[in-house]
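All figures in this text were calculated on a predicted structure; none of them were measured in a lab.
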Amino acid sequence: MALTPTRSTAEALDSQDPLAHKRDEFFVEEGTIYLDGNSLGPAPKAVFDSIDRTMREEWAKGLIRSHNTAGWFMLTDTLGNRLARLLGAGEGEIVVCDTTSLNIYKTLHAALSMQPGRRKIVAEGSSFPTNLYMAEGVQSTLEGATLALEGRDGGRIEDMIDADTAVVMLNHVDYRSGVIRDVKALTKLAHERGALVMVDMCHSAGVIPVDLHDLNVDFAVGCTYKYLNGGPGSPAYAYAAKRHHGKFTQPLSGWHGHAAPFKFEQSYRQGEGARALLCGTQHTLSMRALQSGLAVFDDVEVVDLYAKGRALSDLFIQLVESFAEDFGIGFYSPKDGTLRNGQVSLTHTEGGYAIVQALIARGVIGDFRQPNVMRFGFTPLYLRFADAWDAANHLYEVMKTEEWKEDRFNVVNTVT
């Protein structure tokens with residue numbers, strides 16, 4: 001069976017792609033089709049020199065002086081302001097720090113601190129598990145606090161926001177399906193009912209247009225190792241809307257969040273703005289790696305990246321549709337590209353995990369999520385239309401030959 005559109009059509013699209021040059025800024029190994037940038041982005045080539053310079057010059061020679069001379073101490077703010085451009089935020093509203101989990105803990109506490117008399121957290125039951133774990137942790141520290149989950153404790157989240165709701169925790173994009181949630185409408189509803197909103201941007205920052213001011217959310221968090229290509233374990237970020245600065249507290253009162261960290265006062269005084277969400281000393285090498293990841297976005301607009309990401313994923317869906325029914329492949333993501341972030345998730349009841357492993361063996365790297373979801377992230381910065389075509393063709397061949405049924409692909413790997 002010959003797939004249509006043909007590979008020549010995909011190559012023609014690549015020749016007309018105004019973003020094609022961005023691929024050269026990444027290290028992508030020959031023979032690899034990397035469709036897992038929604039889990040971990042590839043390395044920007046600039047990161048190698050950046051880390052080397054940080055170690056050999058700033059650390060080895062500058063030593064402690066580099067906290068000032070190389071700007072180490074204020075990277076939390078410097079990178080936060082740089083990230084603000086991609087997220088529609090203002091200067092001083094974002095700090096880069098810690099992990100997504102820690103920032104969820106801090107921002108949920110911050111929201112609750114502003115809501116005396118309200119003690120309920122409302123969240124999506126389908127949220128990424130760590131979000132729910134951290135919400136449970138917050139609940140355990142506050143007397144009378146409750147956690148209500150959409151799909152477990154109620155139907156629609158819209159109907160669960162009541163007079164006791166302090167904060168609604170949302171995901172801008174669903175991690176399994178790539179579906180974009182209408183955060184703006186939910187935030188408006190929550191505010192009308194007196195609740196605040198904290199949103200997780202992990203699967204939207206850097207791949208779809210985001211305007212935190214337009215969404216009008218109160219707090220936001222996100223990671224930087226996915227579409228922002230900051231590297232494994234790169235620091236996360238936290239956003240606090242300017243209108244709330246000076247009005248919230250959070251319990252992880254470390255010295256970097258102090259109003260005057262180098263006065264070494266015995267008691268804590270909270271810093272200004274989003275810096276109140278800082279805790280302790282940050283990871284400078286990871287910050288430098290993220291700096292290279294963010295630099296890739298300097299000459300592009302996210303709206304153009306989103307358009308290409310949709311086109312890439314639309315091509316993949318069109319190709320897979322031609323054989324999906326024959327092999328029991330289902331579509332977990334909506335086929336309408338305007339409803340998702342460019343990610344395409346497929347299902348296969350019997351062999352989802354094994355199919356992904358067979359594709360990885362062919363150099364097509366996607367990932368698997370329980371119970372039966374195969375995820376493919378079409379990141380527009382470095383992927384070509386020919387890659388989308390080749391990935392679909394490999395999937396067809398894996399299914400047609402029943403290659404995925406080989407024993408070597410059915411050994412469960414806890415990571416992927």
Taking the side chain from [X] and the backbone from [Y], do they hold a donor-acceptor pair closer than 3.5 Å?
X: Arg340; Y: Pro334; answer: yes
X: Gln357; Y: Phe409; answer: no
X: Glu150; Y: Glu124; answer: no
X: Thr224; Y: Pro235; answer: yes
X: Asp387; Y: Ile33; answer: no
X: Ser50; Y: Val47; answer: no
X: Arg275; Y: Glu272; answer: no
X: Lys247; Y: Arg243; answer: yes
X: Lys106; Y: Gln250; answer: no
X: Ser113; Y: Thr249; answer: yes

- Query: Can you find a pair of side-chain heavy atoms, one from Arg181 and one from Asp174, that are under 4.5 Å apart?
  - Reply: no
- Tell me, do Leu381 and Asn229 make a side-chain contact under 4.5 Å, heavy atoms counted?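 Touching, per the 4.5 Å side-chain cut-off.
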- Under the side-chain contact (heavy atoms from CB on, under 4.5 Å) test, which residues partner Val302, sequence neighbours left out?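 So Val302 forms a side-chain contact (heavy atoms from CB on, under 4.5 Å) with Leu86, Pro209.
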- Message: Checking Trp59 now: which residues fulfil side-chain contact (heavy atoms from CB on, under 4.5 Å) with it, not counting sequence neighbours?
- Response: Met55, Trp72
- Is the distance between the ring centroids of His348 and Phe327 under 6.0 Å?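 His348 vs Phe327: aromatic centres not under 6.0 Å.
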- Message: With a 6.0 Å cut-off on the ring centroids, do Tyr239 and Phe219 count as close?
- Response: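 No: the rings miss the under 6.0 Å criterion.
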- Message: If we check side-chain hydrogen bond (donor to acceptor under 3.5 Å, both in side chains) with Asp162, which of these qualifies: Arg193, Lys120, Arg118?
- Response: Lys120
- Task: List the steps, then state whether ring pair (Phe, Tyr, Trp, His ring centres under 6.0 Å) holds for Phe73 with His256.
- Result: CA-CA 9 Å; Phe73 190 83; His256 273 232; 4.5 Å; yes
Between [X] and [Y], does any side-chain N to carboxylate O distance fall below 4.0 Å?
X: Arg82; Y: Asp298; result: yes
X: Lys242; Y: Glu91; result: no
X: Glu402; Y: Lys405; result: yes

- Message: Cation-pi check for Phe26 against Lys22: NZ or CZ below 6.0 Å from the six-membered ring centre and within 45 degrees of the axis, yes or no?
- Response: no
- With sequence neighbours excluded, tell me which residues meet side-chain hydrogen bond (donor to acceptor under 3.5 Å, both in side chains) with Asn38. Gln343
